[in-house]
Amino acid sequence: MASVRVRFAPSPTGPLHIGGVRTALFNYLFAKQHQGSFVLRIEDTDQSRYVEGAEDYIIEALNWCGIPFDEGPGKDGGYGPYRQSERQSIYAKYAQQLVDEGKAYYAFDSQEELQSLRSSYEARGETFIYNWHNRTSLNNSLNLSDEDIQTRLDSGLDYVIRFLSPADRTLTFSDVIRGEISIDTNVLDDKVLFKSDGMPTYHLANIVDDHLMEISHVIRGEEWLPSLALHNLLYEAFDWKAPVFAHLPLILKPTGKGKLSKRDGDKMGFPVFPLEWKDPKDGEISRGYRESGYFPETMINFLALLGWNPGSEEEFFTLEDLVKSFDLERVQKGGARFDPDKTNWFNHHYMQEQDVEQLTQKFWAIRPELEAVDLGYIQLVIALVQERATFVSDLWNLSHFFFQAPGQFDEKGIRKAVKDDTGSIFKELSEIVKELSFDNSDNIRTKVKNWIGQKEIGFGRVMMPLRMALVGALQGPDVFDIMFMIGKDESLTRIKAFAASYC
């Protein structure tokens with residue numbers, strides 16, 4: 001395969017949707033698999049929709065996910081600039097080339113004229129399309145003399161440049177994911193390539209940039225499929241070799257029809273953006289996966305499996321695994337349904353993969369009340385509860401009793417654990433605990449279990465109320481590990497306090 005160069009080309013109009021992250025991921029994986037280059041290009045030709053901070057957000061999101069670009073803003077690989085707003089003069093030249101070669105034309109139709117035409121078509125139950133069937137009767141250079149055209153241009157009259165779509169042709173082209181696609185050119189409209197404000201439309205800028213940046217493969221979302229015919233026609237018009245195309249399936253909402261949106265996330269309580277986003281216009285804050293406690297590994301893993309099938313039952317993939325295994329031809333055509341529960345399942349898995357020392361630092365950073373607690377002790381606690389956690393934020397609820405006595409007790413647990421003889425059992429248990437060595441949890445376990453066996457009172461009659469006394473609920477890690485960690489004095493204090501209140 002020739003040198004692989006792919007690009008991720010988002011518009012800086014707001015936060016990056018996870019669908020965009022998946023597009024970036026698939027481009028990254030394909031590039032790395034073929035020792036190619038992953039290019040970030042900022043498509044900001046529509047300045048009216050530009051949002052301050054969006055470009056920085058995109059870059060930070062890619063870096064957090066672990067899929068940084070090789071070339072792009074701030075990383076010149078010899079094909080820059082990488083912001084389309086900085087390439088304006090380039091597009092004008094190519095737009096003019098198409099006009100000069102009779103493959104595009106000036107259109108002077110005003111917005112009022114076009115709206116009038118749309119209204120008249122709608123009144124007849126039809127849809128107005130600017131193309132072969134009416135362009136020779138509209139206000140454009142196809143119907144004007146060279147002198148009239150030049151006069152209009154010299155006068156500063158607003159105009160756009162439209163592509164001259166061919167009539168009565170059947171276009172056939174291939175897509176790695178979709179296979180062979182055929183389009184009747186009679187249904188295509190003459191798209192605007194260059195606007196009156198001197199900026200290109202997406203279509204022209206996209207083709208010119210992909211050619212000049214030597215992009216070999218265009219891997220993008222399904223929403224761009226309707227543009228594929230025009231883009232192929234533009235490559236043909238310039239006599240350029242088209243890249244290989246692959247259009248990814250939509251990410252669908254968890255239930256119902258349609259693609260995943262921010263509204264779905266707000267309604268069902270999950271993020272749809274990689275990082276938190278604060279709208280500069282109204283200050284609205286949208287949740288991000290990073291701030292919600294998800295790991296980058298989770299993000300990469302669940303997105304990779306949204307539309308791609310590895311061909312095996314394997315579900316856990318590191319980024320390195322994905323680079324080796326990814327295959328565009330195994331990407332499905334149909335939409336991929338997003339499952340927030342499965343995403344949490346992935347995060348639970350990667351929680352178990354976290355280094356305990358680093359996890360302790362993250363936990364300590366969000367619990368200011370532990371500032372004076374020895375980090376070594378906290379690390380031992382985290383090691384005991386890590387397997388039950390899905391998020392770092394879960395760790396406090398799973399471990400608070402290691403740091404402070406229960407302030408309240410689960411009523412349902414009390415009803416289940418406390419019996420008529422619990423008070424007398426606890427009184428005797430306290431005497432046993434007083435005499436125990438707390439050198440390790442195994443010693444505590446052995447002595448208490450032996451005592452229970454000698455008393456023949458049933459394991460649950462002791463262990464359930466003991467857990468309630470230590471934890472405040474019938475949950476948590478091994479009771480004897482808890483006793484060892486909090487120490488003999490604290491264990492006795494909690495046993496006596498519980499007995500005084502509930503026995």
Side-chain angles (χ1 to χ4, degrees), residues 11 43-50 84-85 87-171 183-209 223-224 226-240:
S11 297
E43 301 203 337
D44 58 349
T45 55
D46 189 349
Q47 290 290 295
S48 65
R49 299 179 61 219
Y50 177 82
Q84 288 187 334
S85 59
R87 300 169 64 86
Q88 186 174 349
S89 60
I90 298 174
Y91 310 124
K93 179 182 72 170
Y94 287 101
Q96 189 61 51
Q97 175 184 327
L98 292 178
V99 173
D100 294 344
E101 294 176 355
K103 297 170 182 176
Y105 58 93
Y106 300 110
F108 299 97
D109 316 89
S110 67
Q111 290 300 317
E112 292 76 18
E113 288 173 323
L114 293 174
Q115 185 55 51
S116 177
L117 285 166
R118 293 189 190 99
S119 298
S120 64
Y121 272 70
E122 289 174 6
R124 300 196 301 267
E126 300 173 358
T127 300
F128 171 69
I129 302 177
Y130 201 129
N131 66 4
W132 61 273
H133 83 285
N134 60 15
R135 61 192 172 206
T136 55
S137 62
L138 298 176
N139 190 7
N140 58 59
S141 60
L142 299 176
N143 310 311
L144 301 170
S145 66
D146 291 344
E147 182 180 358
D148 197 2
I149 294 170
Q150 193 60 51
T151 298
R152 292 178 179 227
L153 294 176
D154 292 342
S155 70
L157 188 67
D158 282 348
Y159 69 89
V160 298
I161 295 177
R162 289 184 178 271
F163 183 66
L164 188 67
S165 296
D168 302 323
R169 279 185 59 185
T170 298
L171 298 176
I183 295 290
D184 179 1
T185 60
N186 286 330
V187 304
L188 302 177
D189 56 343
D190 290 358
K191 289 288 188 185
V192 174
L193 301 180
F194 209 76
K195 298 175 288 185
S196 58
D197 63 0
M199 292 295 284
T201 62
Y202 166 83
H203 304 292
L204 178 65
N206 173 275
I207 296 305
V208 170
D209 285 347
E223 63 270 22
W224 294 112
S227 302
L228 186 56
L230 171 62
H231 293 176
N232 273 276
L233 285 170
L234 283 167
Y235 279 108
E236 179 184 289
F238 285 118
D239 196 25
W240 295 337

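For the numbers below, each heavy atom of this structure counts, side chains included, while hydrogens, waters and symmetry mates do not. Because the structure is a prediction, the values reported are computed rather than measured. Counting from 1, the numbers follow the sequence of the chain as shown.
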Work out which heavy atom in [X] is nearest to a heavy atom in [Y]; give both atom names and the distance.
| X | Y | answer |
| --- | --- | --- |
| T45 | P200 | CB-O, 3.5 Å |
| S11 | E43 | OG-O, 3.1 Å |
| Q84 | N206 | NE2-N, 4.0 Å |
| A205 | Y91 | CA-CE2, 3.6 Å |
| P166 | T185 | O-OG1, 2.9 Å |

State whether the side chain of [X] and the backbone N or O of [Y] hold a donor-acceptor pair below 3.5 Å, judged by distance alone.
| X | Y | value |
| --- | --- | --- |
| S116 | E112 | no |
| E113 | S110 | yes |
| N134 | I129 | yes |
| D189 | Y130 | no |
| S141 | L144 | no |
| D44 | S85 | yes |

- Task: Determine whether F238 and Q97 make a side-chain contact, defined as any pair of heavy atoms from C-beta on separated by less than 4.5 Å.
- Result: yes

- Query: Are side-chain heavy atoms of N186 and D168 found at a separation under 4.5 Å?
  - Reply: yes

- Item | From CA spacing to verdict: side chain to side chain contact (heavy atoms under 4.5 Å, CB included), I183, L188 | CA-CA 9 Å; I183 295 290; L188 302 177; 4.1 Å; yes

- Please test N143 against T136 for side chain to side chain contact (heavy atoms under 4.5 Å, CB included), starting from the C-alpha separation and ending with a verdict. CA-CA 6 Å; N143 310 311; T136 55; 3.7 Å; yes

Atom [atom1] of [X] with >12 non-hydrogen neighbours under 6.0 angstrom:
| X | atom1 | result |
| --- | --- | --- |
| D154 | CG | yes |
| R118 | CZ | yes |
| D100 | CG | yes |
| E126 | CD | yes |

- Task: Say whether D109 and N140, considering side chains only, have a donor N or O and an acceptor N or O under 3.5 Å apart.
- Result: no

- If we ignore angles and hydrogens, is there a donor and acceptor under 3.5 Å between the side chains of N131 and S165? no

- At what distance, to the nearest 0.5 angstrom, does CG of L157 lie from CD1 of I149? 12.5 Å

- Query: Does any pair with a residue in residues 97-122 pass ring pair (Phe, Tyr, Trp, His ring centres under 6.0 Å), and if so which ones, sequence neighbours excluded?
  - Reply: Y106-Y159, Y121-F128

- Could you give me the CA-CA distance, side-chain angles and deciding distance for L98 and L234, then say whether side chain to side chain contact (heavy atoms under 4.5 Å, CB included) is met? CA-CA 9 Å; L98 292 178; L234 283 167; 3.9 Å; yes

- Task: Show your working on salt bridge (Lys or Arg N to Asp or Glu O under 4.0 Å) between R169 and E236 and close with a plain yes or no.
- Result: CA-CA 13 Å; R169 279 185 59 185; E236 179 184 289; 2.9 Å; yes

Result block: side-chain N/O donor-acceptor pairs under 3.5 angstrom for residues 191-198, not counting sequence neighbours:
unit_1: D197; atom_1: OD1; unit_2: M199; atom_2: N; d: 2.9

- Could you tell me how the ring of W224 sits relative to the ring of Y202: parallel (under 30°), tilted (30 to 60°) or perpendicular (over 60°)? parallel

- Query: What do the steps show when you test V99 against I161 for side chain to side chain contact (heavy atoms under 4.5 Å, CB included), and what is the final call?
  - Reply: CA-CA 8 Å; V99 173; I161 295 177; 3.7 Å; yes

